[in-house]
Amino acid sequence: MDSNSNSNFPNHNQDPIKQNGFFHPKLSSEPARSPSRAAAMASPANTDPKVVTGTAGYVLEDVPHLTDYFPNLPTYTNPLQDNPAYSVVKQYFVHVDDSVPQKVVVHKDGARGVHFRRAGPRQKVYFEADEVQAAIVTCGGLCPGLNTVIRELVCGLNHMYGVKKVLGINGGYRGFYARNTITLTPKSVNDIHKRGGTVLGTSRGGHDTKKIVDSIQDRGINQVYIIGGDGTQKGASVIFEEVRRRGLKVSVVGIPKTIDNDIPVIDKSFGFDTAVEEAQRAINAAHVEAESVENGIGVVKLMGRNSGFIAMYATLASRDVDCCLIPESPFYLEGPGGLFEYIEKRLKENGHMVIVIAEGAGQELVSESVQSMSTQDASGNKLLQDVGLWISQKIKDHFAEQKTLPITLKYIDPTYMIRAVPSNASDNVYCTLLAQSAVHGAMAGYTGYTSGLVNGRQTYIPFYRITERQNHVVITDRMWARLLSSTNQPSFLDVKGDHEEKKEEETLHEHCSKETSASKDISSRIHAAAC
Ligand SMILES: Nc1ncnc2c1ncn2[C@@H]1O[C@H](COP(=O)(O)OP(=O)(O)O)[C@@H](O)[C@H]1O
Ligand SMILES: O=P(O)(O)OC[C@H]1O[C@](O)(COP(=O)(O)O)[C@@H](O)[C@@H]1O
Ligand SMILES: [Mg+2]
């Protein structure tokens, strides 16, 4: 055991940057249940976000640390220090003051702005290898790379820190209390990255915070790795709050998974590149079908419930797409500037065309003509109508009525095929770094964070930043303009007026949009600090 800090690597709590902490204590009222309560006594939990300010408008949106409520936790030397693979690396351990800026484009006199704590190994750790009982769970929809993240968590814990006890929770959140667990070892996960899906299984719904935390406590789990999308991260956040309220020495770590790329702050989610690559195969097939007949139209539906990133990037990558429709950009069918007029023009010019449509696009139009069921899935996500089928039928009906342009339309729905594939090479590397960063953070005593890539660097992001809003394609940004210029499709501006203004505002006031009241409060304080 080693409770002294090396002078080069100051103790976590001796951060030289001024803490502007607005802390109010909360006492834990939970009786002791199990071994996961730390030997050291928990002190009143500080539940406010940790925001640290520095000079020139520097703001660090820090993540919680176990020492926030266990002030006297013992520390241990990081075993990586003696690991032959890592000991040769110059400056292997991350400096306590390292942080990563949220925005890399700055002006000469501008404030330095918001930063996140840099991920990576610390010189001191807060868990001994034998003490760790880790658990891994996957929740929500499938995404390429889930198995790679599971594999690298197990191998990272074992090979880097000597942790032998890793449990897999079966079937998502409800698996904590309703299913058996499986023991995960480097041997048992050795090959899983070559398979799609998740070896642990997944589910929607079933998030019962009390039962989940009871299970964490009863099983003596002290590191929880929760892999999932926006809904899952909200679940992870409430698990963390409950763990902290009960005063448990448990690190709660989120790993962002979203094929739709709808999680904010991070550069992109793992599996997104694989999805875009796989979508090319469907677009190619649609193009081959369309160009093989007279006035051929290929329609491809891609995933993207509220965010059209897969459709946008697949279109930009392919160059065979003539029109890309996404949820963020409302469109209309009839009249000048509408989709039918554009299709007619394109067929006359080129003899064929390809349309890519994200599943969440045009839902308001579908509900107008199809009787809306407006039901939700078990997690509360709105169930969507099949817009691909709907638009294909609308196009067929329109040209059948016109009788001037006989078309042949083929509709391809590759959505579930895309998300079920194993991750590609670059996503595999990404998953590995993400998992290792998550492990380093938990071993270093950080908790209540999502591990994520920000401007190409691995960081620890507080849960509230991840859960406060969704990431959307901003149709007033350059990327959407590039798409419009590459497809030459109409911008459907007639119906966009209000929507565009709203999106523009979102970009300008990133912190203020779609925030919870808590995060609004935090944002205003951060803005005040940064100005
Ligand atoms: N607000 C929330 N609070 C707690 N748990 C949630 C919340 N939203 C979703 N969850 C849980 O997170 C899990 C995954 O959510 P879901 O929306 O299906 O997928 P994803 O995390 O991929 O977006 C589900 O088990 C669901 O019950
Ligand atoms: O898996 P389900 O329940 O059929 O839901 C399909 C949805 O899952 C997704 O693939 C991923 O959504 P989540 O991020 O919420 O898991 C969406 O693109 C799609 O709308
Ligand atoms: Mg989701």
Side-chain angles (χ1 to χ4, degrees), residues 137-146 149 169-179 196-198 200-213 224 226-243 252 254-264 266 268-272 274-276 278-279 301-314 326-327 357-361 363 375-388 413-421 450 463-464 466-473 516 518-519:
V137 64
T138 51
C139 311
L142 292 182
C143 178
L146 281 166
V149 175
I169 306 295
N170 254 317
Y173 276 133
R174 63 166 59 90
F176 272 104
Y177 55 88
R179 302 278 290 274
T198 158
L200 298 178
T202 186
S203 64
R204 298 196 188 274
H207 186 283
D208 183 324
T209 315
K210 185 181 174 301
K211 285 189 190 169
I212 292 169
V213 180
V224 196
I226 302 174
I227 313 168
D230 53 347
T232 307
Q233 302 300 314
K234 285 177 193 154
S237 178
V238 290
I239 289 172
F240 163 65
E241 291 305 339
E242 181 59 13
V243 158
V252 181
I255 298 174
K257 168 243 57 160
T258 156
I259 198 165
D260 295 351
N261 205 34
D262 56 7
I263 294 187
I266 60 172
K268 66 178 171 187
S269 164
F270 69 82
F272 177 72
T274 306
V276 170
E278 199 61 21
K301 184 177 79 169
L302 296 176
M303 275 185 172
R305 212 186 242 143
N306 303 307
S307 309
F309 288 101
I310 300 180
M312 177 169 79
Y313 276 83
I326 60 169
I357 186 159
E359 62 182 337
Q363 285 296 315
T375 44
Q376 297 181 331
D377 69 16
S379 296
N381 301 302
K382 189 170 181 281
L383 285 175
L384 302 177
Q385 312 274 0
D386 189 337
V387 72
D413 176 355
T415 45
Y416 290 104
M417 293 181 72
I418 288 175
R419 78 175 192 180
V421 298
T450 299
F463 280 141
Y464 65 84
I466 293 291
T467 55
E468 69 188 354
R469 68 183 182 93
Q470 270 190 331
N471 189 31
H472 292 128
V473 172
T516 59
S519 66

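Start at 1 with the first residue, then count along the sequence. Numbering of ligands and ligand atoms starts at 1, following listing order.
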Minimum-distance protein heavy atom relative to atom 14 (O) of ligand 2:
Lys257 NZ, 3.7 Å
Minimum-distance protein heavy atom relative to atom 3 (O) of ligand 2:
Arg204 NE, 2.9 Å
Under 3.5 Å donor-acceptor, Tyr177 side chain and Val213 backbone
no
Check this for me - ligand 1, Lys234, N or O atoms closer than 3.5 angstrom, yes or no?
no
For atom 18 (O) of ligand 1, what is the closest protein heavy atom, and at what distance to 0.1 Å?
Ser379 OG, 2.6 Å
Would you check if the side chain of Gln233 reaches a backbone N or O of Tyr464 as a donor-acceptor pair within less than 3.5 Å?
no
Nearest neighbour of atom 9 (C) of ligand 1 from the list Ala236, Cys139, Gly231, on a heavy-atom basis:
Gly231
So does Gly171 get a backbone contact from the side chain of Ser203, meaning a donor-acceptor N/O pair under 3.5 Å?
yes
For atom 25 (O) of ligand 1, what is the closest protein heavy atom, and at what distance to 0.1 Å?
Gly205 O, 2.6 Å
Does Val238, backbone or side chain, put an N or O under 3.5 Å from an N or O of ligand 1?
no
Look at atom 4 (C) of ligand 1 and say which protein heavy atom is nearest, naming residue and atom and giving the distance to 0.1 Å.
Gly235 CA, 3.5 Å
Can a donor-acceptor pair be found, under 3.5 Å and without considering hydrogens, that links the side chain of Arg174 to the backbone of Asp208?
no
Ile263 and its side-chain contact (heavy atoms from CB on, under 4.5 Å) partner, picked from Thr450, Thr467, Ile466
Ile466
At what distance is the nearest protein heavy atom to atom 9 (C) of ligand 2, and which residue and atom is it?
Arg419 NH1, 3.5 Å
What's the separation between atom CG in Asp260 and atom CZ in Arg419, rounded to the nearest 0.5 Å?
9.0 Å
Taking atom types as modelled and ignoring hydrogens, do the side chains of Thr209 and Glu242 form a donor-acceptor contact shorter than 3.5 angstrom?
no
Check this for me - ligand 2, Tyr416, N or O atoms closer than 3.5 angstrom, yes or no?
yes
Can you find an N/O atom of Lys257 closer than 3.5 Å to an N/O atom of ligand 1?
yes
Protein heavy-atom partner closest to atom 23 (O) of ligand 1 - residue, atom, separation in Å
Asp230 OD1, 2.5 Å
Rounded to the nearest 0.5 Å, how far apart are OG1 of Thr202 and NZ of Lys257?
6.5 Å
Looking at ligand 1, does any of its N/O atoms fall within less than 3.5 Å of an N/O of Tyr173?
no
Side chain Thr138, main chain Leu200, donor-acceptor under 3.5 Å:
no
Considering only non-hydrogen protein atoms, determine which one is nearest to atom 16 (O) of ligand 2 and report residue, atom name and distance to 0.1 Å.
Gly141 N, 2.7 Å
Looking only at distances, please establish whether an N/O atom of ligand 1 is found under 3.5 Å from an N/O atom of Asp377.
no
Looking only at heavy atoms, is any part of Ile259 under 4.0 Å from ligand 2, and if so is it the side chain, the backbone, or both, or is it neither?
side chain
Going by distance only, is there an N or O of Arg305 that falls short of 3.5 Å from an N or O of ligand 2?
yes
Rounded to the nearest 0.5 Å, how far does CD1 of Ile239 lie from CD1 of Ile212?
4.5 Å
Donor-acceptor pair, Asn261 side chain versus Ser269 backbone, under 3.5 Å?
yes
For Gly140, atoms of ligand 1 separated by under 4.0 Å from a heavy atom:
14 (C), 18 (O), 19 (O), 22 (O)
Heavy atoms only: which of Asn381, Asp262, Ile263, Thr232 lies closest to atom 21 (O) of ligand 1?
Thr232
N/O separation below 3.5 Å, Asp230 to ligand 2:
no
Expected output: side-chain Glu359 to main-chain Val387 donor-acceptor under 3.5 Å:
no
Heavy-atom contact check, 4.0 Å cutoff: does Gly172 meet ligand 1?
no
Mark up the atoms of ligand 2 that fall under 4.0 Å of a heavy atom belonging to Met303, in ascending order.
10 (O), 18 (O)
Polar-atom distance check: Gly229 versus ligand 1, any N or O pair below 3.5 Å?
yes
Let me confirm one number: the CD1-CG distance from Ile418 to Asp413, rounded to the nearest 0.5 Å.
8.5 Å
Out of the N/O/S atoms in Asp230, what is the name of the one closest to the Mg ion (ligand 3)?
OD1
Is it true that Asp230 and Arg305 make a salt bridge, defined as a side-chain N closer than 4.0 Å to a carboxylate O?
no
Looking only at heavy atoms, is any part of Asp260 under 4.0 Å from ligand 2, and if so is it the side chain, the backbone, or both, or is it neither?
side chain
Thr375 OG1 to Lys382 NZ distance, which is reported to the nearest 0.5 Å:
8.5 Å
Under 4.0 Å from a heavy atom of Glu359: which atoms of ligand 2 are those, numbered in the order shown and with their elements?
17 (C), 18 (O), 19 (C), 20 (O)
